[in-house]
Amino acid sequence: MTTGVFAMVIAAAVLHAAWNALVKVNADRLVMIAIMMMSQVAVAMLVIPFVAFPTPESWPYIWASTALNTAYCVFLINAYRYGDLSHVYPISRGSAPLIVAFISVLIVGETLSRQAGLSVVVIALGIMSLTLTRGAAGFSEPRALLFALGTGIFIAGYTVVDGLGARLADSAHSYTFWVHLFNGIPITLLALYLRRGQIAASVSKSWKAGLFGGVISLLAYWIVIWAMTQAPMALVSAVRETSMVFAVLFGVFFLKERLDLARLASTGVTLIGAVMLKMSR
């Protein structure tokens with residue numbers, strides 16, 4: 001991974017942490033996510049006339065990505081239903097790079113050096129260790145752990161699918177915006193069904209934050225898809241998940257959360273993994 005690609009993915013991690021902070025402070029996360037996704041549909045509709053039409057080979061990946069992203073959102077919402085954000089999110093985001101590395105090396109055929117592979121493991125363990133900073137009691141409900149791990153599997157699934165699809169599409173820009181043209185529709189329909197009679201009030205409270213979150217989420221997604229056409233998927237996935245470091249910083253400086261030694265140690269391990277990855281050959 002070149003320095004330029006590494007820096008871009010770090011920027012995507014910052015944006016990723018920012019939109020997740022917006023979701024975290026919103027009372028109705030399902031409606032917030034639906035607003036974000038529909039704003040992405042609107043942006044995609046404006047942009048696709050100016051990008052190339054995806055190649056025929058990439059369309060199965062576009063449809064698969066839409067299905068996997070929908071499943072990811074459903075599992076994430078259910079994970080939050082049974083568990084706390086501070087326990088669910090590190091498990092789901094931390095497990096994803098390990099799964100991506102497994103799939104990309106053993107199935108796709110990408111190669112990683114020993115140091116690069118070790119750095120992915122260190123980053124993943126650093127992220128997942130954040131779930132222990134508030135005690136293991138958060139997973140007293142086993143469904144929270146199962147849904148969190150399921151969320152990580154779907155994150156890994158759409159990451160690999162998008163990486164392969166973007167390479168086949170011959171344009172990361174084209175693939176990104178065509179995927180987002182369809183991604184928002186299933187979750188919006190789900191929100192309309194589950195929040196029927198209440199959605200108007202929720203939208204009136206959240207539309208500005210949802211619009212902003214949708215735009216920066218789309219930008220982060222585009223950077224990651226582009227990066228996967230330039231570098232191995234496992235490395236891009238691992239660096240993207242350092243967003244947890246920035247999420248901790250946002251929590252401390254903007255949400256007034258407490259930074260204890262355990263969270264500081266977890267953040268330090270994640271940063272060490274990122275440095276190891278950048279120095280790997």
Side-chain angles (χ1 to χ4, degrees), residues 7-44 46-47 65-66 68-77 79-80 84-86 88-94 96-97 127 130 148 151-152 154-155 158-159 162 176-177 179-188 190-191 202-203 205-228 236-257 267 270:
M8 288 289 285
V9 180
I10 289 292
V14 175
L15 295 172
H16 191 82
W19 76 255
N20 275 281
L22 291 173
V23 173
K24 179 178 180 178
V25 300
N26 195 276
D28 194 331
R29 294 185 180 118
L30 174 59
V31 172
M32 178 68 173
I33 290 174
I35 296 170
M36 288 174 53
M37 289 196 160
M38 285 312 297
S39 69
Q40 293 171 0
V41 171
V43 172
L46 293 174
V47 174
S65 179
T66 300
L68 289 168
N69 269 282
T70 301
Y72 151 70
C73 290
V74 171
F75 265 67
L76 183 62
I77 290 167
Y80 288 148
D84 295 334
L85 179 76
S86 58
V88 166
Y89 200 76
I91 290 294
S92 61
R93 303 307 306 195
I127 294 168
L130 282 168
T151 301
F154 285 116
I155 292 170
Y158 74 66
T159 298
D162 286 337
T176 299
F177 290 106
V179 163
H180 280 81
L181 183 64
F182 304 109
N183 261 355
I185 296 173
I187 290 299
T188 301
L190 181 64
S202 296
V203 169
K205 296 177 182 178
S206 307
W207 73 268
K208 291 182 181 178
L211 177 61
F212 179 68
V215 171
I216 63 174
S217 173
L218 176 56
L219 180 57
Y221 203 105
W222 168 79
I223 292 172
V224 169
I225 290 180
W226 167 80
M228 287 191 292
V236 174
S237 174
V239 176
R240 191 243 327 254
E241 301 309 345
T242 60
S243 62
M244 286 303 302
V245 173
F246 301 105
V248 169
L249 295 177
F250 286 152
V252 170
F253 289 105
F254 297 108
L255 305 180
K256 306 305 179 183
E257 295 179 349
T267 302
T270 305

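FYI, side chains are in, hydrogens and waters are out, and symmetry mates aren't considered; it's all heavy atoms of this structure.
- Expressed to the nearest 0.5 Å, how far CG of Leu249 lies from OG1 of Thr267 amounts to 7.0 Å.
- The shortest non-hydrogen separation linking Met37 to Gly184 is CB-CA, 3.4 Å.
- Looking at Leu22 and Met32, their side chains come closer than 4.5 Å, going by heavy atoms from C-beta outward.
- Between Leu218 and Val43, the shortest heavy-atom distance links the atoms CD2-CG1, 3.5 Å.
- Atom CG of Leu15 sits about 10.0 Å away from atom CZ of Phe246, to the nearest 0.5 Å.
- Using the six-membered ring where Trp is involved, Trp222 and Trp226 have ring planes that are parallel, under 30° apart on the 30 and 60° scheme.
- Within a 6.0 Å radius of CZ in Phe212, other residues, nucleotides and ligands contribute 12 heavy atoms or fewer.
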For this session: For side-chain contact (heavy atoms from CB on, under 4.5 Å), just list the numbers for Val31 and Lys205, CA-CA rounded to whole Å, side-chain angles, deciding distance to a tenth of an Å, and then say yes or no.
Result: CA-CA 10 Å; Val31 172; Lys205 296 177 182 178; over 6 Å; no

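- What you find for Thr270 and Thr242 is that their closest heavy atoms are CG2-CG2, 4.0 Å.
- The line from OH of Tyr72 to CD1 of Ile187 is 10.0 Å long, rounded to the nearest 0.5 Å.
- In this pair, Tyr221 and Tyr158 present their aromatic rings parallel. The plane angle is below 30°, not in the 30 to 60° band.
- Here the closest non-hydrogen pair linking Asn183 and Ser65 is OD1-O, 3.8 Å.
- For the atom pair His180 NE2 and Thr66 OG1, the distance stands at 9.5 Å (nearest 0.5 Å).
- Note that CG of Leu190 and CD1 of Ile185 are 14.0 Å apart. Values are rounded to the nearest 0.5 Å.
- Closest approach of Ser243 and Ala17 over heavy atoms only: O-CB, 3.4 Å.
- Rounded to the nearest 0.5 Å, atoms CD1 (Ile223) and CZ (Arg240) are 11.5 Å apart.
- Closest of all the heavy-atom pairs between Met244 and Pro90 is CE-CG, 4.1 Å.
- Remark: side-chain polar atoms of Gln40 are paired, donor with acceptor, to backbone N or O of Gly214 under 3.5 angstrom.
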Exercise. Taking it one step at a time, do Thr159 and Ile155 satisfy side-chain contact (heavy atoms from CB on, under 4.5 Å)?
Worked result: CA-CA 6 Å; Thr159 298; Ile155 292 170; 4.1 Å; yes

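- A heavy-atom distance below 4.5 Å is found between the side chains of Phe250 and Val14.
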